[in-house]
Amino acid sequence: MIPDEPTHELEAQRRRNRDAAASLGFEPYGRRTDGLIPIARARGMYDPGADAAVQAAGRSPPAGFVDPRPRARVAGRVMLHRDNGKLVWMNLRDDTGDVQVAVSQKDCTGGNGRGFDLAKATDLGDVLTAAGRVTRTRTGEITVWAEELDAAAKCLVPPPEKHAGLHDIEIRYRRRYVDLWSNPETLGVLTLRSRIVARMRRFMEDRGFLEVETPMLQTLAGGAAARPFVTHMNALGLPLFMRIAPELYLKRLLVGGLPRVFEINRNFRNEGLDKQHNPEFTMLEAYQAFGDVETVMELTESLVRDAAAFVRSARDPGAGDGGIVLPFGDLRIDYARPFERVGYGDLFARAYGFEMTDVARARAELARMRPGLAATVGRMDDASVVNELFEDKERGGEARLDPSRPTFITGYPSAISPLTRPSRVNPAIADRADLFIAGMEIAPHYTELNDPDVQAAKFREQLRGADAGKSDEESTFRTFDEDFIRALKVGMPPAGGMGLGVDRLVMILTDQRTIRDVILFPLMRPEGASPGGPSERE
RNA sequence: GAGGGUGUAGCUCAGCCUGGUAGAGCAGCGGACUUUUAAUCCGUCGGUCCCGAGUUCGAAUCUCGGCACCCUCACCA
């Protein structure tokens with residue numbers, strides 16, 4: 001808070017109400033409170049029999065009558081507030097749900113005895129604790145009939161409109177702390193994400209994988225083709241990169257003798273952002289020694305199926321053990337059936353009506369489709385030409401997939417998969433498979449390259465490719481990692497590896513259209529940076 | 001990067017096409033009310049119409065420039 005900033009009228013009023021609560025003897029910012037239970041649990045404690053017994057006892061219960069209704073102590077934000085004079089109704093919300101609280105002048109006499117007065121001085125958005133009997137009102141609403149009410153935190157900022165909620169998308173991302181408690185959908189999706197990740201972690205552990213943490217600050221950013229974020233370390237006077245992938249470190253661990261390793265953590269790529277890309281994103285990357293591409297495809301398929309089953313049961317706990325079908329937009333995605341598999345070459349032929357080996361035709365086709373690219377097509381190598389066609393959004397191979405069926409594309413050309421081991425059967429084909437769901441690439445799988453000489457040659461090839469025709473920006477991220485080659489010289493067992501885009505998978509499983517809706521704090525430009533001078537608002 | 005859209009009270013929005021000096025609901029404030037459910041009833045306060053320039057007697061409204069966000073496309077694993 002900036003001291004001399006003039007406070008808004010609504011905030012000033014809230015400060016007055018806070019001071020009023022303080023002068024009633026409350027600590028406006030609360031204190032430790034033991035014995036709190038989640039609101040959902042308090043609601044579950046409601047006992048119709050006990051309510052009936054109290055009803056039967058009537059207004060003047062017989063001597064020795066003991067109120068059998070359960071007591072609960074809950075904490076939550078004030079979502080609604082209805083002041084009926086000598087009886088104040090409010091609705092408290094925590095992360096488990098809402099409950100109505102009645103604060104009656106006659107009955108709310110516990111604690112410091114001023115609970116009713118506090119209810120009168122309460123603003124929407126305040127955090128309170130309430131303790132009392134769990135009962136039901138005439139109209140059937142489960143209610144904590146407060147015997148005590150205490151202040152826990154003052155809300156000085158006016159909350160969103162009580163019925164419409166917070167709609168402004170920009171403010172929802174910028175102020176998640178408001179979005180989370182005012183929009184139950186946000187809380188639901190983001191807590192579900194957390195539980196999905198926990199579930200995936202356990203799945204991997206159950207399969208014998210060891211979770212590890214490898215450097216995020218790297219002197220060389222390798223393991224993928226992407227532009228890194230650049231930073232600088234003062235103490236060593238060292239330029240550093242934020243990692244674009246953990247791959248080269250995880251493989252060093254295989255060399256070190258760890259047979260199954262995985263990491264769930266952030267990667268950083270200095271590229272554009274859209275519905276499927278956030279500059280920092282979470283990846284589950286795993287390597288299994290003595291496995292191959294098939295091994296890790298099975299791993300991913302089981303992992304995704306398990307996560308989907310988990311989401312389905314979280315959404316609909318009563319559901320039987322039928323299929324696992326989850327909605328994504330208009331799609332209904334079936335995770336129970338074996339995932340589809342389709343070859344790169346087949347998809348290409350299906351999309352264009354000729355074989356991808358017909359390179360001359362492919363060049364002509366690309367030149368026709370992309371007049372702007374016509375000049376460059378001549379300088380592109382065969383595989384790039386084919387892949388350019390393959391990845392075309394409208395006509396390409398990926399566009400031919402059934403988005404409602406999780407599908408592995410297999411048989412990628414070796415030429416576009418530099419870190420992948422060529423197939424033993426046909427070296428022109430890489431042992432690589434990419435999992436697509438809902439038209440989104442979710443996870444690539446590889447039989448990893450472990451021959452140091454072949455790897456070194458591929459690195460060199462990439463560097464050469466970088467020098468030829470590519471822009472400076474593109475070439476900066478291509479690096480030759482000498483130590484990684486040295487590690488391979490020590491001997492890495494044959495292995496299968498995969499990298500799963502956690503944010504994208506969570507999007508699909510939770511039916512969210514943009515990656516920002518599954519990230520707690522998506523990247524935003526700073527607020528108030530307009531040329532008129534930065535306005536200090538917090 | 002290109003095109004389109006949005007930006008008005010704390011929040012949700014109308015007004016903009018067709019220029020005449022700012023509206024509603026909720027929230028707030030004062031009052032009434034011990035079974036309400038977006039409580040109700042009476043009264044009332046609240047504005048950098050995103051920022052800047054221009055056109056005009058007059059701009060929330062029209063024009064130009066800028067900023068932020070959203071959508072589509074492009075780029076990018």
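Given the structure is predicted, the values throughout are model-derived calculations rather than measurements.
Scanning for ring-ring contact (aromatic ring centres under 6.0 Å, His included) contacts around A:W145 gives A:W89, with sequence neighbours left out. With sequence neighbours left out, the ring-ring contact (aromatic ring centres under 6.0 Å, His included) criterion links A:Y287 to no other residue. Applying the salt bridge (charged side-chain N to carboxylate O under 4.0 Å, His left out) rule to A:E148 yields the partners A:R73; only residues at least two apart in sequence or on another chain are considered. The side chain to side chain contact (heavy atoms under 4.5 Å, CB included) test applied to A:L187 returns A:D95, A:L180, A:T191, not counting sequence neighbours. Listed by chain and residue number, nothing satisfies the salt bridge (charged side-chain N to carboxylate O under 4.0 Å, His left out) test with A:D94 (two or more places apart in sequence, or in another chain). Every residue meeting the salt bridge (charged side-chain N to carboxylate O under 4.0 Å, His left out) condition with A:R93, not counting sequence neighbours, appears here in chain and number order: A:D98. Residues passing the salt bridge (charged side-chain N to carboxylate O under 4.0 Å, His left out) test with A:E301 are A:R305, sequence neighbours excluded.
Considering CG of A:L24 and CG of A:N112, their distance stands at 7.5 Å, rounded to 0.5 Å.
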Within the sub-3.5 Å range, which N or O atoms of nucleotides 41-50 of chain B have a protein N or O partner, and how far apart are they?
none

Close N/O contacts between protein and nucleotides 11-15 of chain B (under 3.5 Å):
from	atom 1	to	atom 2	distance (Å)
B:C11	O2'	A:E161	N	2.8
B:U12	OP1	A:H167	N	3.1
B:U12	OP1	A:D168	N	3.0
B:U12	O3'	A:H167	ND1	3.3
B:C13	OP1	A:H167	ND1	3.3

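Rounded to whole Å, the P atom of B:C73 lies 42 Å from the corresponding atom of B:A22. Remark: the separation of the C1' atoms in B:G5 and B:U44 is 38 Å, to the nearest Å. Spacing between B:G23 and B:C70 at atom P, rounded to whole Å, works out to 33 Å. One C1' atom belongs to B:A24, the other to B:C45, and the distance between them is 16 Å to the nearest Å. Comparing the C1' positions of B:G15 and B:A9 gives an interatomic distance of 14 Å, to the nearest angstrom. Nucleotides B:U12 and B:U55 have their C1' atoms positioned 34 Å apart, rounded to a whole Å. B:C42 and B:C33: their C1' atoms are spaced 12 Å apart (whole Å). Straight-line distance between the C1' atoms of B:G46 and B:U72: roughly 39 Å, to the nearest whole Å.
No donor-acceptor pair closer than 3.5 Å links the side chain of A:Q276 to the backbone N or O of A:T514. Remark: the backbone N or O of A:A164 is paired with a side-chain donor or acceptor of A:H167 at under 3.5 angstrom.
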*Going through the checks in order, is the salt bridge (charged side-chain N to carboxylate O under 4.0 Å, His left out) test met by A:R175 and A:E170?*
CA-CA 8 Å; A:R175 303 187 203 157; A:E170 182 179 348; over 6 Å; no
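Pairing of B:G47, defined by two Watson-Crick or G-U wobble distances under 3.5 Å, is not identified with any nucleotide. Base pairing of B:C33 is not made with any nucleotide, judged by Watson-Crick or G-U wobble geometry with both donor-acceptor distances under 3.5 Å. Under the Watson-Crick and G-U wobble criteria, each requiring two contacts below 3.5 Å, nucleotide B:C64 is paired to B:G52. For B:G25, the paired base is B:C11 (Watson-Crick or G-U wobble, both distances below 3.5 Å). Judged by Watson-Crick or G-U wobble contacts below 3.5 Å, the nucleotide B:A39 has no partner. Within the shown strands, B:G1 is the pairing partner of B:C73 under the Watson-Crick or G-U definition, both distances less than 3.5 Å.
Side-chain N/O atoms of A:N91 include none lying less than 4.0 angstrom from OP1 or OP2 on B:A38. When the side-chain nitrogen and oxygen atoms of A:Q13 are compared with OP1 and OP2 of B:C29, one or more of them lie within a distance under 4.0 Å. Under 4.0 angstrom from either OP1 or OP2 of B:C70 there lies at least one side-chain N or O belonging to A:R516.
In this structure, of B:U35, B:U34, B:A27, it is B:U34 that holds the atom nearest to the side chain of A:Q105. Listed nucleotides B:U35, B:C70, B:G10 differ in distance to A:T137; the shortest reach to its side chain belongs to B:U35. Closest to the side chain of A:E170, from the set B:C76, B:C69, B:U36, is B:C69.
Residue contacts for A:R138: at a heavy-atom cut-off of 4.0 Å it reaches a base atom on one of the strands shown. Within 4.0 Å (heavy atoms only), A:K275 reaches sugar-phosphate atoms of the nucleic acid but no base atom. A:D434 comes within contact range of at least one nucleobase, with a heavy-atom separation under 4.0 Å. Using a 4.0 Å heavy-atom criterion, one finds that A:R172 contacts no nucleic acid atom at all.
As rounded to whole Å, 7 Å separates atom P of B:C75 from atom CD of A:E388. Across the protein-nucleic acid pair, A:M90 atom CE and B:A38 atom P stand 17 Å apart, rounded to whole Å.
Within 6.0 Å of atom CZ in A:R82, more than 12 heavy atoms from other residues, nucleotides or ligands are found, so the atom counts as buried in its surroundings.
Residues A:T186 and A:D179 have side chains that bring a donor and an acceptor to within less than 3.5 angstrom of each other.
Figure legend: A:R341 and A:F408 shown as a cation-pi pair, the cationic atom lying under 6.0 angstrom from the six-membered ring centre and within 45 degrees of its axis.
Sorted by residue number, the members of residues 506-514 of chain A with any non-hydrogen atom under 4.0 Å from RNA chain B read A:T514. Contacts with RNA chain B (heavy atom under 4.0 Å) in residues 74-86 of chain A: A:L80, A:R82, A:D83, A:N84, A:G85, A:K86, listed by number.
Residue whose closest nucleotide on RNA chain B sits further toward the 5' end, between A:F436 and A:L87: A:L87. Mapping A:L523 and A:R432 onto RNA chain B by nearest heavy atom places A:L523 at the nucleotide closer to the 5' end.
Applying the 3.5 Å distance criterion, the base of B:U36 shares a donor-acceptor pair with the side chain of A:Q100.
Applying the salt bridge (Lys or Arg N to Asp or Glu O under 4.0 Å) test to pairs two or more places apart or on separate chains, those with a residue in residues 108-131 of chain A are A:D83-A:K120, A:R114-A:D117, A:D123-A:K154, A:D126-A:K154.
Between A:F229 and A:F268, the ring planes lie perpendicular to each other; the angle is over 60°, past the 30° to 60° tilted range.
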